[in-house]
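Structure record follows, encoded as structure tokens.
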Amino acid sequence: MRDGRYYAFDPGTETRGTVEITRSEYEALLPSSRRPFLAISGMFLLGASGLALATGELRRADRARTDPRPAGGNSGRALSGG
């Protein structure tokens with residue numbers, strides 16, 4: 001919005017660039033124009049959290065494979081008692 005007028009980007013080949021539109025057209029475009037950004041950020045967060053979980057599971061599995069714990073209930077640690 002500039003000087004009380006509403007503008008939108010028109011990707012058409014004939015009028016590529018910003019074009020002046022009415023307020024009702026502007027309000028109709030506003031919610032739908034934000035929807036892809038929410039979906040993109042949601043997919044990014046979903047992918048990042050899945051990657052973090054997978055990395056943690058791979059590290060845990062690799063550690064269990066390369067460093068077996070001795071048999072017994074205390075994982076090889078000495079019991080401290082008093």
Side-chain angles (χ1 to χ4, degrees):
M1 183 170 138
R2 287 181 263 161
D3 300 325
R5 296 180 179 180
Y6 294 91
Y7 296 92
F9 182 76
D10 186 7
T13 56
E14 299 165 358
T15 59
R16 186 170 182 89
T18 55
V19 292
E20 187 174 350
I21 58 174
T22 64
R23 181 183 173 133
S24 60
E25 289 174 324
Y26 179 78
E27 289 174 353
L29 286 173
L30 195 57
S32 64
S33 66
R34 292 182 185 168
R35 216 171 273 155
F37 294 111
L38 292 174
I40 290 169
S41 62
M43 292 301 288
F44 177 75
L45 289 174
L46 181 67
S49 61
L51 183 64
L53 288 173
T55 302
E57 287 296 318
L58 287 174
R59 283 185 181 177
R60 186 173 64 99
D62 188 43
R63 191 178 313 135
R65 186 177 59 87
T66 59
D67 185 27
R69 296 178 186 233
N74 62 0
S75 300
R77 288 177 278 179
L79 295 176
S80 61

Seminar exercise, completed: CD of E20 to CG of D10, rounded to nearest 0.5 Å, is 13.5 Å
Atom pairs and distances, donor-acceptor, side-chain atoms in residues 41-53, under 3.5 Å, two or more places apart:
residue	atom	partner	partner atom	Å
S41	OG	F37	O	3.1
S41	OG	L38	O	3.0
S49	OG	L45	O	3.1
S49	OG	L46	O	2.9

Exercise. Step by step, would you call D62 with R65 a salt bridge (Lys or Arg N to Asp or Glu O under 4.0 Å)?
Worked result: CA-CA 5 Å; D62 188 43; R65 186 177 59 87; 3.0 Å; yes
